[in-house]
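Here is the structure we will look at.
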Protein chains: 2
Amino acid sequence: MNISAASKAAGLPVKTVRYYADIGLVEAPSRTEVGYRSYDDAAVRKLAFVRRSRAFGFTIEECRELLDLYQDQDRNSAEVKKIASARLEQIEEKQRELQSLHDELAHLVKSCRGDHRPDCPIIDYLG
Amino acid sequence: MNISAASKAAGLPVKTVRYYADIGLVEAPSRTEVGYRSYDDAAVRKLAFVRRSRAFGFTIEECRELLDLYQDQDRNSAEVKKIASARLEQIEEKQRELQSLHDELAHLVKSCRGDHRPDCPIIDYLG
DNA sequence: CCTTGGCCTTCTAGTTACTGGAAAGATTAA
DNA sequence: TTAATCTTTCCAGTAACTAGAAGGCCAAGG
């Protein structure tokens, strides 16, 4: 499988597939005689694993750890859970942040007439 | 007022105050004889305006527009409202995204025993 | 056989909004 | 006087890609 087939199979852009090997997140693939990267199913599975992990918002470093755990038959699920819980905490923190931002901004937007006149509670609040 | 006093008054790091002038977000301040930046109250007000705008998550470019509107006595509040509404939309979109991420991850975390054994629904889901 | 289009390679640089650090001059307090 | 604390500029790094340029490889149509 050359890179574009692998990228389709993994659901990642070609550039990203190359990038992940460049930074050592996944193993560098073998090459054909002319230097084309060559992927097998296992490599594609790892790429897709990273894609799903990234979709949850795990950082590249966290993906590295998760990938290690993925490939470790003797892993402790506790380690996985710990990483995932930390991310969950982060998400919840972000949600709280966004909620208060939302409430405040929604209030301001609602109270702004939004017409041709200059007076504006949004500007007043910011200034 | 030199830069550290201004930075305290505006609630921004010194580096950020310099940066905002470097990128032309705020006017470059005048200089003393030896080249120290010199800020007046109006400059500090603009810096604080940017700080509050950034806290709402407006991009630097949006801050630029908002700052222009702030200083335009003939502004239409409609323009302000439009920018703020767009940001509000974005926040809501992000909230939806986080919510579904949260639900999915919370479910996985909950169903993982988190012990010394290798089987783990989180890893299963990612793999 | 030639050309055209679509792959593939590497390398550099740009993105966002700062932040850190080094080197060196200015100012202030003890 | 000296030490600490300013201030300046400039360079580089962050995260995770993404865009683009220059050039080689390969399959199909004419």
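Lettering follows sequence order; numbering is per chain, from 1. Only heavy atoms go into these numbers, but all of them, side chains included; no hydrogens, no water, no symmetry mates. What you see is a predicted model; the values in this text were computed from it and never measured.
- Ring planes of Phe49(B) and Tyr70(B): parallel class, angle under 30° (limits at 30 and 60°).
- Of the candidates dA17(C), dC7(C), dA16(D), dA17(C) carries the atom nearest the Ile60(B) side chain, counting heavy atoms from C-beta on.
- For residues 91-102 of chain A, proximity to DNA chain C is found at no residue, defined as any non-hydrogen atom under 4.0 angstrom from a strand atom.
- Residue Thr16(A) places its side chain closer to dC17(D) than to any other of dT19(C), dG20(D), dC17(D).
- Of the residues near DNA chain D, Phe58(A) and Ile3(B), the one whose nearest nucleotide (by heavy atom distance) lies more toward the 5' end is Ile3(B).
- Inspection of the Gln95(A) and Gln95(B) side chains reveals no N or O donor paired with an N or O acceptor under 3.5 Å.
- Between the NZ atom of Lys8(B) and the C1' atom of dT5(D) there is a distance of 11 Å, given to the nearest Å.
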**OP:** Take Lys82(A) and Glu79(A) through the test salt bridge (Lys or Arg N to Asp or Glu O under 4.0 Å) and record every step on the way to the result.
**Re:** CA-CA 5 Å; Lys82(A) 190 176 155 210; Glu79(A) 287 196 60; over 6 Å; no
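- No more than 12 heavy atoms of other residues, nucleotides or ligands shown are found within 6.0 angstrom of CD on Glu27(A).
- One can place CZ of Arg54(B) at 14 Å from C1' of dT19(C), the figure rounded to the nearest angstrom.
- Taking side-chain N and O atoms only, Thr59(B) has no distance below 4.0 Å to OP1 or OP2 of dT16(C).
- Considering only side-chain atoms of Tyr36(B), the nucleotide from dT9(D), dA26(C), dC8(C) that sits closest is dA26(C).
- Along DNA chain C, the nucleotide nearest Val34(A) and the nucleotide nearest Glu61(B) are compared for position; the residue whose nucleotide lies closer to the 5' end is Val34(A).
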**OP:** Dump the intermediate steps for side chain to side chain donor-acceptor pair (under 3.5 Å) on Gln90(B) and Arg87(B), then the final yes or no.
**Re:** CA-CA 5 Å; Gln90(B) 254 183 13; Arg87(B) 176 69 190 130; 2.7 Å; yes
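- A salt bridge links Arg96(A) to Glu93(A): one of the charged nitrogens lies within less than 4.0 Å of a carboxylate oxygen.
- When the P atom of dC6(D) is taken as reference, atom CE of Met1(B) falls 17 Å away, rounded to whole Å.
- Salt bridge status for Arg64(B) with Glu61(B): present, with a side-chain N to carboxylate O gap under 4.0 Å.
- Defined by atom type and a distance below 3.5 Å, a donor-acceptor pair is present between the side-chain atoms of Ser77(A) and Asp115(B).
- For the pair Arg31(A) and dT10(C), the criterion of a side-chain N or O lying under 4.0 Å from OP1 or OP2 is met.
- In this model, the phosphate group of dA16(D) is not approached by any side-chain N or O of Arg51(A) to a distance below 4.0 Å at OP1 or OP2.
- Separating the NZ atom of Lys15(A) from the C1' atom of dC8(C) is a distance of 12 Å, rounded to the nearest angstrom.
- Salt bridge Asp119(B)/Arg113(B): present, at least one basic N to carboxylate O contact under 4.0 Å.
- For DNA chain C, the neighbouring residues in residues 18-29 of chain B, judged by any heavy atom under 4.0 Å, are Tyr19(B), Tyr20(B).
- Set against dT18(D), dC8(C), dT19(C), the side chain of Asn2(A) has dC8(C) as its closest nucleotide.
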